[in-house]
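Some notes on the structure that comes next.
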Amino acid sequence: MQAFESLFSQFLESVAPTDAAHDVQHITRVVKTAKRLCGLESACAEVVVPAAWLHDCVTLAKDDPRRSQSSKMAADKAIAFLAEVGYPQQYLAAIHHAILAHSFSASVAPETLEAKIVQDADRLDALGAIGVVRCLQVGTTLGRPLYDGEDPFCRERAADDGRYTLDHFKQKLFTLADTMQTAAAREEAQRRTRVMQGFLDQLAQEI
């Protein structure tokens with residue numbers, strides 16, 4: 001597996017990230033988390049590890065109208081690459097499904113334990129301290145204001161993360177813990193969600 005992981009890393013060097021939140025550091029964090037969950041859940045590493053490495057080999061901007069197709073595009077590109085480098089063919093279909101199902105916007109339910117782990121690992125990277133940073137990075141890339149000056153925390157209006165960056169916490173990030181597929185990921189997601197809530201509580205005092 002180590003030899004293949006070196007190839008995965010080299011392959012990703014040719015992939016330009018859509019934004020700073022989807023850079024190679026995001027990939028390596030997802031791989032690290034996926035490996036940990038894989039061990040805890042006794043899943044197939046031959047599926048989980050390459051899927052985690054390659055899950056974002058195609059990314060589209062959050063406001064791209066093709067956004068829901070990005071995980072399908074990534075899965076197809078990943079499988080073509082894996083076939084080219086001689087990765088064992090018996091794992092390719094499961095890897096394709098794991099990459100396809102990882103995306104929130106694709107709305108594809110993970111059908112295997114390995115797909116559930118890759119999805120959990122990717123979603124965990126949207127939570128906690130790193131989740132706060134990544135949310136702000138994406139909002140900045142899209143040129144969105146940080147918050148609505150009249151109601152920063154959506155207390156009397158519906159959240160609209162297409163307009164304000166902070167709205168993304170209520171509209172999506174605070175819902176992710178309930179979507180986790182594995183017990184270990186749910187526990188970690190709840191802890192990270194509390195970290196994000198603490199950030200917003202502090203921000204409320206400052207603005």
Side-chain angles (χ1 to χ4, degrees), residues 15-30 32-34 52 55-74 99-110 116 118-181 185-207:
V15 177
T18 303
D19 53 60
H22 294 86
D23 58 7
V24 68
Q25 283 77 27
H26 163 66
I27 300 293
T28 56
R29 289 191 304 270
V30 171
K32 179 181 178 180
T33 300
H55 76 279
D56 272 351
C57 66
V58 174
T59 60
L60 300 174
K62 295 287 187 183
D63 57 352
D64 191 304
R66 302 167 299 160
R67 176 70 181 175
S68 64
Q69 304 170 37
S70 63
S71 67
K72 171 66 163 55
M73 296 165 67
I99 295 175
L100 176 64
H102 91 272
S103 171
F104 191 92
S105 59
S107 299
V108 175
K116 292 176 181 179
V118 174
Q119 185 186 92
D120 281 356
D122 184 59
R123 292 186 181 187
L124 281 172
D125 206 55
L127 301 177
I130 196 65
V132 171
V133 173
R134 293 182 69 223
C135 180
L136 300 182
Q137 286 177 319
V138 172
T140 299
T141 298
L142 296 173
R144 291 172 181 159
L146 181 58
Y147 56 84
D148 174 10
E150 297 298 318
D151 186 1
F153 303 103
C154 309
R155 294 192 173 103
E156 297 181 3
R157 63 180 179 85
D160 183 0
D161 61 4
R163 296 185 64 193
Y164 303 107
T165 298
L166 283 192
D167 287 23
H168 194 57
F169 286 84
K170 182 173 183 179
Q171 189 165 336
K172 179 181 177 182
L173 300 183
F174 285 154
T175 72
L176 290 182
D178 290 336
T179 73
M180 295 295 161
Q181 303 283 336
R186 281 193 294 275
E187 182 178 352
E188 178 65 12
Q190 290 164 1
R191 186 189 69 78
R192 293 191 185 200
T193 299
R194 290 193 293 271
V195 170
M196 292 193 302
Q197 186 59 62
F199 165 76
L200 292 186
D201 291 344
Q202 177 63 30
L203 184 63
Q205 295 181 43
E206 297 178 11
I207 63 175

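Note on D167 versus R157: salt bridge recorded, some NZ/NE/NH1/NH2 to OD/OE distance being below 4.0 Å.
A distance of 8.5 Å separates CD1 of I27 from NE2 of H22, quoted to the nearest 0.5 Å. Separation of atoms NZ (K72) and OG (S103) is listed at 13.5 Å; rounding is to 0.5 Å.
Side-chain N or O atoms of Q119 include one that pairs as donor or acceptor with a backbone N or O of A101 at under 3.5 Å. Looking at R163, its side chain never comes within 3.5 Å of a backbone N or O of R144 through a donor-acceptor pair.
Between D148 and Y164, the closest heavy-atom pair is N-CD2, 3.5 Å. The two residues L176 and A126 have their closest heavy-atom pair at CD1-CB, 3.9 Å. When all heavy atoms of Q25 and T28 are compared, the closest pair comes out as O-OG1, 3.0 Å. A pairwise comparison of heavy atoms in A34 and A52 identifies CB-CB, 3.8 Å as the closest pair. In terms of heavy-atom proximity, S71 sits nearest to H102 at CB-CE1, 3.9 Å. Closest non-hydrogen pair, L124 versus M180, comes out as N-CE, 3.9 Å.
Around OH of Y147, the count of heavy atoms belonging to other residues, nucleotides or ligands within 6.0 Å does not exceed 12.
Not a single salt bridge (Lys or Arg N to Asp or Glu O under 4.0 Å) links D56 to another residue, sequence neighbours left out. In terms of the side-chain hydrogen bond (donor to acceptor under 3.5 Å, both in side chains) criterion, R186 has no residue partners (sequence neighbours excluded). Judged as a side-chain hydrogen bond (donor to acceptor under 3.5 Å, both in side chains), and not counting sequence neighbours, the contacts of R191 are E188. Applying the side-chain hydrogen bond (donor to acceptor under 3.5 Å, both in side chains) test to D161 and every residue at least two apart in sequence or in another chain returns H168, Q171.
Residues L146 and L136 have side chains in contact (heavy-atom distance under 4.5 Å, counting atoms from C-beta outward).
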Review item, side-chain donor-acceptor pairs of residues 199-206, under 3.5 Å, at least two apart:
| unit_1 | atom_1 | unit_2 | atom_2 | d |
| --- | --- | --- | --- | --- |
| D201 | OD1 | Q197 | NE2 | 2.9 |
| Q202 | NE2 | E206 | OE2 | 2.8 |

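The stretch residues 118-132 participates, sequence neighbours left out, in these salt bridge (Lys or Arg N to Asp or Glu O under 4.0 Å) pairs: R29-D125, D125-R134.
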Show your working on side chain to side chain contact (heavy atoms under 4.5 Å, CB included) between T165 and C135 and close with a plain yes or no. CA-CA 7 Å; T165 298; C135 180; 3.8 Å; yes

Kindly determine whether F153 and I207 satisfy side chain to side chain contact (heavy atoms under 4.5 Å, CB included), including the steps that lead there. CA-CA 11 Å; F153 303 103; I207 63 175; 3.9 Å; yes

